[in-house]
A.B. asks: 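Take a look at this one; I'll ask things after.
FYI, side chains are in, hydrogens and waters are out, and symmetry mates aren't considered; it's all heavy atoms of this structure.
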Amino acid sequence: MNHIVIIGFMGSGKTRVGKRLAKDFDLPFIDIDRVVTRKMNLSVKDIFDKFGEPFYRALETTVIKELIKDQEQKVISLGSGLPMQEQNEKYIKQLGTVVYLKGSYETLKERLENSKSNPLIDGDNKADKIKKLLRQRDPVYAKFADIEMITGDKPFEALISQLEEKLQTVIKNS
C-alpha cells in the first residue's frame, strides 16, 4: 500500500504535519503512538515504566504490520523509535512513501525542553540525551527517507506547500 509515512525525531512535527497532510489530501491520519496507547489504555511513559521499552516496540511493530494490509491509503506518523528497530525495516518500506522530518538539534531541544511525556529524555541532562539520540537516529531516518524535509527553518505553511509538491511528484512516479 502506498501510505504516506512520516518519520523523525520527537518534536520534529510528525503529528502536526501528518494531520495537515491528511486534511489536505482527504486521507485518514494514524498516529502509531496513539494507537498503542489506546490499545493499552496507558500513556507511553506508563507503558515504558510498567512493561519496558522492548514491549512497547513490539506493540508498534504489530500495529504497522496490520497497516501494511490496510488497502485504504492513510497518512501515518511513526513513533520516533520505531525505525530504530531492525525488524521494522522491511515493514516501513512496505508501508509506502516515507517522509523524514529532520529538525536541527537546536530546534528539537527548544521544542522538547518542557516535555514531560517522553521517557527516553526525561530527567537530568535532557539536552545531552537529545543530542545522543539524534546522533544515533538521524542516519537511520535518512536511510528510510524518500523525501527529507527540514523542520523549524521556515514557516509551517511553506513547509507544507513544499512537501505536498514533492509528494505529488513521488506519488505520480510510483
Side-chain angles (χ1 to χ4, degrees), residues 1-36 44 57 60-61 63-64 67-68 70 72-86 88-115 117-118 120-121 126-127 129-174:
M1 185 72 227
N2 199 22
H3 299 295
I4 298 169
V5 182
I6 315 282
I7 65 172
F9 200 76
M10 53 195 103
S12 62
K14 296 182 301 291
T15 300
R16 184 176 183 208
V17 169
K19 284 180 176 178
R20 177 61 183 274
L21 290 176
K23 178 179 175 275
D24 290 355
F25 287 122
D26 196 26
L27 297 171
F29 174 72
I30 304 286
D31 182 316
I32 300 295
D33 286 337
R34 287 214 172 74
V35 173
V36 170
V44 173
R57 300 301 175 201
E60 287 179 314
T61 300
V63 173
I64 64 167
L67 286 168
I68 289 168
D70 191 332
E72 181 188 16
Q73 187 181 26
K74 294 176 175 33
V75 177
I76 303 168
S77 170
L78 301 186
S80 62
L82 194 148
M84 302 305 294
Q85 309 306 307
E86 204 173 305
N88 293 333
E89 184 169 348
K90 62 180 173 254
Y91 304 129
I92 293 169
K93 299 250 187 228
Q94 288 176 44
L95 277 173
T97 303
V98 179
V99 175
Y100 170 26
L101 296 180
K102 180 181 176 123
S104 69
Y105 166 72
E106 292 75 23
T107 297
L108 297 171
K109 185 175 137 237
E110 182 182 312
R111 290 180 180 178
L112 294 168
E113 66 188 349
N114 296 316
S115 170
S117 62
N118 195 301
L120 296 176
I121 62 168
K126 190 177 274 195
K129 290 175 184 174
I130 292 169
K131 193 176 282 185
K132 181 180 178 207
L133 280 172
L134 194 54
R135 259 197 315 270
Q136 293 169 349
R137 292 178 175 193
D138 182 60
V140 175
Y141 296 152
K143 174 179 81 172
F144 284 110
D146 295 305
I147 298 170
E148 191 171 300
M149 298 294 296
I150 306 296
T151 64
D153 71 336
K154 64 177 70 79
F156 183 71
E157 292 302 323
L159 172 78
I160 291 296
S161 176
Q162 287 177 342
L163 178 53
E164 288 179 352
E165 209 173 286
K166 288 182 179 192
L167 279 166
Q168 298 282 8
T169 303
V170 168
I171 291 167
K172 216 183 297 172
N173 296 329
S174 61

A.B. asks: Using side-chain heavy atoms (C-beta onward) and a distance below 4.5 Å, is V35 in contact with I30?
C.D. replies: yes
A.B. asks: Does Q136 have more than 12 heavy atoms from other residues, nucleotides or ligands lying within 6.0 Å of its CD?
C.D. replies: yes
A.B. asks: Run the numbers on V17 and F156 for side-chain contact (heavy atoms from CB on, under 4.5 Å), then give the verdict.
C.D. replies: CA-CA 8 Å; V17 169; F156 183 71; 3.8 Å; yes
A.B. asks: Quick one: CE on M84 to CG on L78, what's the gap to the nearest 0.5 Å?
C.D. replies: 13.0 Å
A.B. asks: Kindly give the heavy-atom pair with the smallest separation between G79 and I32, and that separation in Å.
C.D. replies: N-CB, 4.3 Å
A.B. asks: With rounding to the nearest 0.5 angstrom, report the NZ to CD1 distance, K166 to I147.
C.D. replies: 7.0 Å
A.B. asks: So L163 and V99, side-chain contact (heavy atoms from CB on, under 4.5 Å) or not? Walk me through it.
C.D. replies: CA-CA 9 Å; L163 178 53; V99 175; 3.7 Å; yes
A.B. asks: Rounded to the nearest 0.5 Å, how far does CZ of R16 lie from CG of L159?
C.D. replies: 9.0 Å
A.B. asks: For P83, is there any backbone N or O sitting under 3.5 Å from a side-chain donor or acceptor partner on N88?
C.D. replies: no
A.B. asks: Just do the side-chain contact (heavy atoms from CB on, under 4.5 Å) check on I76 and I6 with the steps written out, would you?
C.D. replies: CA-CA 6 Å; I76 303 168; I6 315 282; over 6 Å; no
A.B. asks: Quick one: closest heavy-atom pair of A22 and F29, and the distance?
C.D. replies: CB-CB, 3.7 Å
A.B. asks: Among L95, T97, L27, V75, which residue meets the side chain to side chain contact (heavy atoms under 4.5 Å, CB included) test with H3?
C.D. replies: L95
A.B. asks: Considering all heavy atoms of both residues, which atom of Y100 and which atom of A145 are nearest to each other, and what is their separation?
C.D. replies: CB-CB, 3.6 Å
A.B. asks: Tell me if the NZ atom of K154 is crowded by more than 12 foreign heavy atoms within 6.0 Å.
C.D. replies: yes
A.B. asks: About how many Å separate CZ of R111 and CZ of F9, when rounded to the nearest 0.5 Å?
C.D. replies: 12.5 Å
A.B. asks: Atom CD in Q162, atom CE in M149: separation rounded to 0.5 Å?
C.D. replies: 4.5 Å
A.B. asks: With a 4.5 Å limit on heavy-atom distance, are the side chains of S80 and R137 in contact?
C.D. replies: yes
A.B. asks: Name the one of E89, E148, E86 that satisfies salt bridge (Lys or Arg N to Asp or Glu O under 4.0 Å) with K143?
C.D. replies: E89
A.B. asks: Can you tell me how far apart CG (D31) and OG1 (T15) are? Round to the nearest 0.5 Å.
C.D. replies: 4.0 Å
A.B. asks: Only pairs at least two apart or in different chains count here, so list each side chain to side chain donor-acceptor pair (under 3.5 Å) that has a residue in residues 17-29.
C.D. replies: R20-D24, R20-E157
A.B. asks: Partners of D146 by salt bridge (charged side-chain N to carboxylate O under 4.0 Å, His left out), sequence neighbours excluded?
C.D. replies: none
A.B. asks: Is there a donor-acceptor pair under 3.5 Å between the side chain of Q73 and the backbone N or O of N2?
C.D. replies: yes
A.B. asks: Can a donor-acceptor pair be found between the side chains of D138 and Y105 at a distance below 3.5 Å?
C.D. replies: no
A.B. asks: Where do F25 and L167 land on the side-chain contact (heavy atoms from CB on, under 4.5 Å) test, with the steps shown first?
C.D. replies: CA-CA 10 Å; F25 287 122; L167 279 166; 3.9 Å; yes
A.B. asks: Whether E72 and K74 form a salt bridge (side-chain N of Lys/Arg under 4.0 Å from carboxylate O of Asp/Glu) is what I want to check.
C.D. replies: yes
A.B. asks: Determine the minimum heavy-atom distance between L134 and P139, stating which atoms define it.
C.D. replies: O-CD, 4.5 Å
